[in-house]
Amino acid sequence: MRLSLERHATRFTPDLERVVARFFFNGDARASSIIQQVMEMNDANVNLALTPILRDFSKRHRNITRVFERHSDKLKNLFTLLKIDYNTLDYKRKLLIGSYFTNEYSIESAAFFNPSIIEDIDQTGLEDGEKRVIISFRAVGEGHVSSIVFRRGLIDRNNDIVLVPPGNYVDEPDIVRNALYQKQVFFQSASSIKLPGSVMSEIQDRLPASFEYVALKQVIRELQQRYQVDHLLKKSLERLLWLADSYYEINFSLDTDISDRVIFPYSDAESRGIEDARFVKYTTITGETKYYATYTAFDGITIQPKLLETKDFYNFKIMPLYGEGAQNKNLALFPRKIDGKYAMLSRIDGINNYMMYSDRINIWENPQILQTPKHPWEFVQIGNCGSPIETPEGWLLITHGVGSMRTYSISASLFDLNNPMIEIGRLKDPLLVPNKDEREGYVPNVLYSCGSIIHNEQLIIPYGLSDYSSSFATVNLAALLEKIKSDGKED
């Protein structure tokens, strides 16, 4: 039995015009010099300098004056050090100062890949056979820094995907840091930092039962000063601070289109990028719907798995994932609880698929091996391509395998609905292997997906092409499930 899979001609490619106005800072000394030079300008020259800036950039951003003012506000501590009363500055001078601390960042300039697809919240006004969807992408810009971006799409009755054209602007959200931490919970999560017991105890002893980020930062800075010669310990202390910095919320304005919203690295733990968000529509025991995404944060040295939660794609909560099973990349959450527990896939050793259960969605212990590489095209490693999909026949898991010449292929497996540790079968051959039109890119010979969807009795797989662009393929669901079960019996 051969499967008939259709590659669609649609390509999602990087758009160089998708720019965000970000805060730009080159250190206190240079910033102070710039501020002083602007302060020495008379009002006429301030107005003369600001006018062409507003003319050139107002059409490129939704509210560039608001951006300039916000970036100027970030420098209030420097104004205080310079003995300048910030509150008495006129509006245009603030805007001009803010412009010197702003730069445009092209979020998709290098790549637009590794998509994940989920059902849109809004399914009104559609014809029979249509479904509105939200597709997330990993967008890569200057310095190979990754962010999460979105597009809204429509799947028609023929399962072709048409993307809604993106808006004209890209917006960053307002960021809300976690205000209060419970000491017992926080330090249980911090056990993976591997600080000496005496140092960890001293930090805990100096903090109240509930503490703010500022209090933790003060204790850590004092300890770093004491242990200046121990660079490894200083770095571990910094990671403890990053851990607290990893909890935050982001809120987008209601007047933004979903294509305008970019989730950029906002904490130190994410400073070198946030990668491969695996979105899943999650249903609680009470029937409430939430959307979760696991993703990988990277600071240039350390990988930290994180979890994103939203109900509306305007407001997002971000938290780190902890535990023995929350290591490495490739975590994917099941779309509902199993036997009253959260369920998650992981790949803690970089080679095999693991299964985990937990009473808490952010703490994952006791991972058990679920799958090991079996076929030549996955000898190097096996992993998931997004959250499992529930079908009447079992949990359908889209996988990736890495074989010779570091070629990434996409395949599928099936697991028991009541006990996902039972593998019903897996395909002997991959569904998708890079063809001659897909193998060239930033990273050649890589096909990779972060989440698929079922519609009109077909499985729709969006996938990244060689870490540069994206496309999608479809396959009949019943035929796929039958083929997986058939291949499983032969094994």
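All figures in this text were calculated on a predicted structure; none of them were measured in a lab. Each residue takes its place number in the sequence, starting with 1. The analysis underlying the following values was restricted to heavy atoms, covering all of them including side chains, and did not include hydrogens, waters or symmetry mates.
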ask   = Would you call R151 and E108 a salt bridge, taking side-chain N to carboxylate O under 4.0 Å as the test?
value = yes

ask   = Going through the distances and angles, do K306 and S267 end up as a side chain to side chain contact (heavy atoms under 4.5 Å, CB included)?
value = CA-CA 12 Å; K306 299 188 73 171; S267 73; 3.6 Å; yes

ask   = According to the interplanar angle, ranging from 0 to 90°, do the rings of Y248 and Y266 count as parallel (below 30°), tilted (30 to 60°) or perpendicular (above 60°)?
value = perpendicular

Test of ring centre spacing under 6.0 Å for H400 and Y408 = yes

query = Are F186 and Y247 close enough that their ring centres sit under 6.0 Å apart?
reply = no

inquiry  = Please determine whether a side-chain nitrogen of the Lys or Arg among D276 and K329 lies less than 4.0 Å from a carboxylate oxygen of the Asp or Glu.
reply    = no

key: F313/Y291 aromatic ring centres below 6.0 Å   = yes

key: S236: partners by side chain to side chain contact (heavy atoms under 4.5 Å, CB included), with sequence neighbours left out   = I193, L195

ask   = Would a line drawn from the ring center of F12 to the ring center of F112 be shorter than 6.0 Å?
value = no

message = Taking D260's backbone N and O only, do any of them form a donor-acceptor pair with T256's side chain (distance below 3.5 Å, no angle check)?
response = no

request  = Report the distance from atom CD1 of I53 to atom CZ of F68, rounding to the nearest 0.5 Å.
outcome  = 6.0 Å

task = Answer with yes or no after comparing the ring centroid distance for Y181 and F211 against a 6.0 Å cut-off, counting only values under it.
result = yes

inquiry  = Whether K74 engages the ring of F23 as a cation-pi pair (distance to the six-membered ring centre under 6.0 angstrom, angle to the ring normal within 45°) should be assessed.
reply    = yes

